[in-house]
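Before any comments, here is the structure.
Throughout, a chain's letter reflects where its sequence line sits, starting with A, and its residues are numbered from 1.
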Amino acid sequence: MSAPNCLRCLVRPSAGIPSSTAPRTAAHAAARTAAPLAPLAPLAPLVPRSAPFSTTAANARPKKEAQGKDSSKGHVRAGKRLTLGKFKKDRVAEKGRPPAPGERKAYRKRITLSNDNAIAVPWLTDLSPTDLADPANIAKVLALPDEVQDQLRASEAFKPTQCWGMFRKPAVLVRKETVDVMSRMQASVAKRQTLRLALTGDKVSGKSMTLLQAMTHAFLNNWIVIHLPEAQELTTACTEYAPVPGTEPAQYMQPVYVLKLIQAIKRANEKVLAKTYTVSAHPELPQNIPANTPLLALANVAKEPDAAWPVFQALWSELTAQGANRPPILFSLDGLAHVMKVSDYRSPAFELIHAHDLALIRLFADALGGGVQFPAGGAVLAATSRSNAPRAPSMELALAQREAEQAARQKGDVSKDGSKAGVPQRDPFFRGYDDRVEAVLRSVQVLRLGGIDKLEARALMEYWAASGMLRATVDEKTVSEKWTLAGNGVLGEMERATLLTARV
Amino acid sequence: MASPANLLRLCARPTRRLQSLRAATVQKSALRRTLTTTQWRPAAARDTDDNTKEAAEEFDQVFSNPGEFLRSYLRDDKITDEERQLASRMLEDWKNVPPNTQRQFNQLTDNINTSVAPLRRPVMAKRDSFWNSEEVDTDLITDEIGEDDFEEDDMMSFGHAKLEEHREFREYARLAVWEMPLLSKLAKPFQPPVDGEVLRFRYTTYMGEFHPADRKVVVEFSPVDIPGLSEAQQLKLKKLAGSRYNPEKDIIKMSCERFEHQAQNKRYLGDLVEKMVATAKDPTDMFEDVPLDTRHHKFKQQIKFPKEWYLTEERKKELLAQRKQALLLDEQKRTEGAMIDGVQTIQHALLNAKPVEEAVTVARGRPIRGRR
């Protein structure tokens with residue numbers, strides 16, 4: 001087989017370019033003159049300088065100047081170079097000072113309790129100590145006194161998601177459940193007992209707000225209030241922890257959080273703590289506390305996280321000292337599901353620590369389970385959260401069981417076997433139950449919060465309209481409309497339907 | 001060679017008393033192919049049967065006219081006297097036939113033999129042929145040439161299809177009118193199951209067609225219906241049934257398609273139920289430590305329109321009263337002046353608001369004194 005082309009020169013057999021038009025380089029000309037009889041020389045002029053057709057883009061062709069220049073400097077780069085940020089170069093944005101660390105979060109989490117632009121409601125009165133437990137006040141909006149505002153703020157009872165910043169003065173709606181809880185608290189204090197109650201209900205149905213009202217009631221009646229505002233801060237492994245020496249199985253304290261808590265307690269309950277005195281000496285603390293010292297002084301001992309837990313223990317033992325003259329105590333926690341599960345902390349053996357092995361939570365769980373007797377009575381309240389809640393099947397089950405038992409008791413099914421019928425039972429094939437949690441919740445009362453009725457809704461909407469936040473006549477029609485829109489008067493949904501719409 | 005016509009010809013061969021065909025058979029056996037799709041048959045000539053041997057001997061001669069045949073026949077010693085008489089009489093008759101007619105007969109026989117000869121000629125397979133491609137296919141009825149040409153003398157095929165469809169309709173219509181009513185004679189009245197019949201079987205038929213699922217049998221029963229079971233035994237039966245138990249309907253449902261026939265499957269299921277009931281009655285282990293597992297079942301909540309939501313006359317009256325009450329409340333508030341209007345409140349507040357003092361610009365630093 002013979003090749004169609006000459007293999008020695010690999011000349012492409014494309015004819016058509018006469019030798020005169022074909023560009024000749026000096027080298028070619030030299031070759032011709034020097035060796036005219038060389039076999040390749042006659043072919044050289046026939047070599048086409050450009051192919052008859054090409055797939056290369058026209059603008060990718062090397063430029064004439066580049067051709068003319070000496071190309072020994074380096075290879076000529078053809079084509080378009082990639083230039084990034086061609087037009088951005090000379091534009092320098094005015095950035096200013098970037099926010100300091102934590103500033104954005106502080107802005108996000110800030111709590112505004114008053115708004116000078118809002119219209120003052122003329123008929124708004126401050127709460128008096130007995131107001132919240134008075135059934136006559138149902139469906140009334142009452143304002144929080146200034147002093148209580150400070151106390152509530154100190155114990156972090158207000159939440160950034162609540163709409164305090166829309167009104168001139170923080171005020172709360174007294175609903176039936178409020179009066180129910182407060183009267184239960186009063187009754188238990190009258191009997192020197194401890195009310196143990198879990199508040200549950202749908203999302204934005206006012207669980208935290210009822211907790212706030214309970215705290216308000218406690219502050220107004222000179223109780224001591226210990227409030228754990230966010231249970232998740234204790235169990236999501238975001239605060240320091242250390243084993244409590246001499247505990248078997250090991251318990252863990254959270255010194256930084258406890259220090260913060262002691263300071264909050266101190267600020268919120270200053271007056272009451274100043275009037276309450278220790279019954280025993282506490283020489284083990286960094287600062288010697290003899291007997292008959294105000295509890296405020298004891299609380300003041302905690303200056304460093306190292307001493308926080310012993311001080312808190314001393315404070316707790318003083319507060320629960322039997323036979324002493326003590327005010328009633330309210331111990332409350334928001335976000336119950338977080339403390340009714342295994343926490344995110346790990347032991348030195350890298351095993352997950354149960355939330356009830358964290359000393360502070362164990363204290364609360366004991367109190368909620370009925371293991372602690374307050375000398376002058378009091379209340380242990382826990383509110384569940386529905387939007388930020390990890391799965392706690394045991395808690396859900398226990399609450400449902402308590403609720404069903406309460407309902408059966410109210411109906412009058414006193415028979416023990418009969419009451420078992422409607423009570424939900426454990427799923428025998430589910431593993432995630434927690435005996436410790438169920439033991440704690442075995443005897444608590446459960447209050448389910450639902451929607452408010454129309455009378456309460458009307459009172460609330462009148463307050464909104466009088467504050468200038470609702471541009472409508474508050475008549476039955478409007479109230480019904482918003483009440484229905486809010487899923488039969490779910491409080492948060494009413495706010496969303498009425499206050500938080502941008503319709504003006 | 002495997003075509004039906006050739007086969008037929010070969011089968012018919014023993015009855016023909018023709019030498020050429022016989023020769024063809026012999027030659028054929030010699031030329032057997034190495035590969036054939038035709039069913040194998042034993043060679044007829046090799047048979048040791050007496051009759052076939054005789055027939056083979058008879059084949060050895062070809063007779064051009066009856067005279068020759070009769071003469072040859074008379075030469076045979078085995079024939080009886082009556083046959084001999086008959087044959088000689090017939091020979092006499094043949095001899096009396098005029099010679100012209102005899103010649104004509106001979107000629108006719110020759111003609112037939114010559115004209116049929118090509119048919120009888122053995123088909124020799126060509127040595128170089130590729131799968132006998134040049135062989136003529138003799139069993140074609142037509143020559144297939146110009147068959148599909150439309151001669152403008154018929155309906156189009158669509159028309160024929162339509163007619164066919166119409167015929168089919170009519171056929172089924174006839175069936176429906178004449179034969180289907182006769183089925184009602186076969187109908188049996190429904191007998192509800194009596195107390196003892198606790199098993200409910202389900203079979204599947206595909207109307208006589210074969211189907212892999214037609215052997216399947218399903219049995220359903222409720223543990224409560226099984227006679228002689230205490231509550232604990234019923235519970236054990238449910239636990240034994242496992243995921244076949246439907247807690248919502250309280251029914252155990254089992255199926256079997258393990259065996260080839262429906263009856264076998266049904267027998268198996270019946271035995272199985274009996275075995276289960278016997279096990280449930282066995283008191284050695286009552287499975288008290290095992291809870292009844294219902295994870296396989298998804299409980300469906302039956303959502304019904306709430307009774308309280310029905311707009312009965314009473315409810316309408318109640319609603320009307322509520323609305324009247326609401327209107328009265330509004331009216332009362334309005335007369336008292338306690339009705340709160342958000343817009344009015346805002347306007348009132350804006351009117352009564354103290355005017356904010358206008359900001360005064362103050363120059364920064366010391367005031368400039370006139371110094372030049």
**Study point:** Parallel, tilted or perpendicular, as decided by the 30° and 60° cut-offs, for the rings of B/Phe201 and B/Tyr203
**Key:** parallel
Practice item. Nearest 0.5 Å please: distance from the NE2 atom of B/His348 over to the OG1 atom of B/Thr345. Key: 8.5 Å
Exercise for review: Identify which of A/Lys477, A/Arg458, A/Met469 forms the greatest number of heavy-atom pairs closer than 4.5 Å to chain B.
Suggested key: A/Arg458
Point to revise | Contact origin within A/Ile119 toward chain B - heavy atom pairs under 4.5 Å | key: side chain
Revision key, fill the gap. Cut-off 4.5 Å, heavy atoms of chain B, and the answer for A/Trp123 is side chain
Exercise for review: Select, from B/Ile346, B/Leu327, B/Val343, the one with the greatest count of heavy-atom pairs under 4.5 Å involving chain A.
Suggested key: B/Ile346
Exercise for review: Using modelled atom types only, decide if a donor and an acceptor are shared between the side chain of A/Thr112 and the backbone of A/Ser114 within a distance under 3.5 Å.
Suggested key: no
Check your understanding: Do A/Trp464 and A/Lys482 come within less than 4.5 Å of each other through their side chains, counting heavy atoms only?
Key -> no
Check your understanding: Quick one: are the ring centres of B/His261 and B/Phe259 less than 6.0 Å apart?
Key -> no
Review point. Measuring heavy-atom distances to chain A, does B/Leu329 have an atom under 4.5 Å in its side chain, in its backbone, in both, or in neither?
Key: side chain
